[in-house]
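These notes are about the structure you will find just below.
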Amino acid sequence: MEQKWSTAIYKRILLTGFTLIVALVTKPTSAIDIYAEPEVMMQNGTAGILRCTFKSSQVVSSSTTVTWSFQSSHPDSRFYKARDVIFYFTSGKGFPGPDEFKDRVQFIGDINKRDVSIQLSPAQFTDNGTFFCDVRNPPDITGTPARIEVRVVQKESLPQSNTSLIIGAVCGALLLLVIIAAVVCVVVRHQHRHDYEGCTSLESVSSQAPQPRKTVESGLQRSKCTIPSGPLQGPVIYAQLDHSGSKNSFHKMEPVVYADIRKN
């Protein structure tokens, strides 16, 4: 009894040790993240791109595989009940799937850059359905395939692009800025010109020499006074001067500056 018991304990110890060795030596598998657009709309008869990328902690190698599969949304399609592989990529080579996609699927990604996108050309109404992008990069083999809902429509059914609206808005904003800048420039220039003219008029008035006023003459006698144009002079007095020395000479009234009389 004791021998059987010791044998069972011995087996358990061996099993535990073997499990620990396997756990320490074997690298645990890790998850891989796959990204794709949830919905893509294509025009019938044109080329459409299905973009798919992945994120992995391991280095991409020749063992990395890419699988594209498709499940149709049309009940009468052979791909309706279950999804089927339409493209397979491994060891740097692509392998086409069934005849419906054989000549229409092209690999346009770069697996070294984690890009595994494909091009579908030309798109057909039978392509309406769900495309699945799956990537395996050992030991990263655990991941959920990305799903892309594809809608193939006529050109008239495509949503209108907002490019023209955006361009119009940008042009309008630029035109408004130009107008505002022009108005500001005109106002500043007018204000500067007004200030300059004000300074010029003041300077001209202050620097302009006083102009002599013309003598006002009457019909009976000449002007009795004038406004001097030079510096201020002394008081002006009037004296009778006899130029001929005779008694019958005409006595003329001439203005004589008081300061000149004192000099004489």
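Under the 4.5 Å side-chain heavy-atom criterion for ILVMFWY residues, no single connected hydrophobic cluster contains both Phe79 and Val85. Val184 and Leu176 fall within a single hydrophobic cluster, where Ile, Leu, Val, Met, Phe, Trp and Tyr side chains are chained together by heavy-atom contacts under 4.5 Å. Note on Phe131 and Ile49: separate hydrophobic clusters, where clusters join Ile, Leu, Val, Met, Phe, Trp and Tyr whose side-chain heavy atoms are under 4.5 Å apart, directly or indirectly. Phe54 and Ile108 fall into different hydrophobic clusters, defined by Ile, Leu, Val, Met, Phe, Trp and Tyr side-chain heavy atoms under 4.5 Å apart, directly or through other members. There is a path of hydrophobic side-chain contacts, each under 4.5 Å, that joins Val188 to Ile180.
Looking at heavy atoms from C-beta onward, Val135 lies in side-chain contact with Ile32 at the 4.5 angstrom threshold. Residues Ser91 and Lys93 have side chains not in contact (no heavy-atom distance under 4.5 Å, counting atoms from C-beta outward). Counting heavy atoms from C-beta outward, Leu175 and Leu177 have side chains that stay 4.5 Å or more apart. Between Val150 and Thr130, every side-chain heavy-atom pair lies at or beyond the 4.5 Å cut-off. The shortest side-chain heavy-atom distance between Pro139 and Gln58 falls under the 4.5 Å cut-off.
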Next on the checklist: side chain to side chain contact (heavy atoms under 4.5 Å, CB included), that's the test. Do Arg151 and Glu39 meet it? Break it down for me.
Outcome noted: CA-CA 8 Å; Arg151 293 177 55 195; Glu39 184 177 5; 3.1 Å; yes
Could you go step by step and tell me if Cys133 and Ile34 meet the side chain to side chain contact (heavy atoms under 4.5 Å, CB included) rule? CA-CA 8 Å; Cys133 176; Ile34 307 171; 4.2 Å; yes
Applying side chain to side chain contact (heavy atoms under 4.5 Å, CB included) to Val153 and Met41, what does each step give before you reach the verdict? CA-CA 7 Å; Val153 297; Met41 187 174 294; 4.0 Å; yes
Stepwise, does the side chain to side chain contact (heavy atoms under 4.5 Å, CB included) test hold for Phe70 with Trp68?
-> CA-CA 7 Å; Phe70 170 69; Trp68 280 90; over 6 Å; no
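Shortest non-hydrogen contact noted between Phe101 and Ile86 is CD1-CG2, 3.5 Å. For the pair Phe87 and Ile118, the tightest heavy-atom approach, listed with the atom from each and the gap, is CD2-CG2, 4.4 Å. Scanning both residues, Phe107 and Val116, for their nearest heavy atoms gives CE1-CA, 3.7 Å. The minimum heavy-atom distance linking Asn128 with His74 is given by the pair CB-NE2, 3.7 Å. The two residues Asn44 and Gln124 have their closest heavy-atom pair at OD1-CA, 3.6 Å. Here the closest heavy-atom approach between residue Pro98 and residue Asp84 is recorded as CG-OD2, 4.5 Å.
Remark: Arg83 qualifies as a cation-pi partner of Phe132 under the 6.0 Å distance and 45° angle criteria applied to the six-membered ring.
A salt bridge is defined here as a Lys NZ or Arg NE, NH1 or NH2 lying under 4.0 Å from an Asp or Glu carboxylate O, and Asp115 with Arg51 fails to meet this definition. Using a 4.0 Å cut-off between a side-chain N of Lys or Arg and a carboxylate O of Asp or Glu, Lys102 and Glu100 do not qualify as a salt bridge.
Residues satisfying the side-chain hydrogen bond (donor to acceptor under 3.5 Å, both in side chains) criterion with Arg104, sequence neighbours excluded, are Asp127.
To the nearest 0.5 angstrom, Ile111 atom CD1 is 10.0 Å from Ser62 atom OG. Note that CE of Met42 and OG of Ser121 are 9.5 Å apart. Values are rounded to the nearest 0.5 Å. Note that OG of Ser73 and OH of Tyr80 are 8.5 Å apart. Values are rounded to the nearest 0.5 Å.
With Thr64 as the fixed residue, the side-chain hydrogen bond (donor to acceptor under 3.5 Å, both in side chains) test singles out one of Thr90, Asp140, Asn137, Asn112: Asn137.
Remark: side-chain polar atoms of Arg114 are not paired, donor with acceptor, to backbone N or O of Lys55 under 3.5 angstrom.
More than 12 non-hydrogen atoms from other residues, nucleotides or ligands lie less than 6.0 angstrom from OH of Tyr35.
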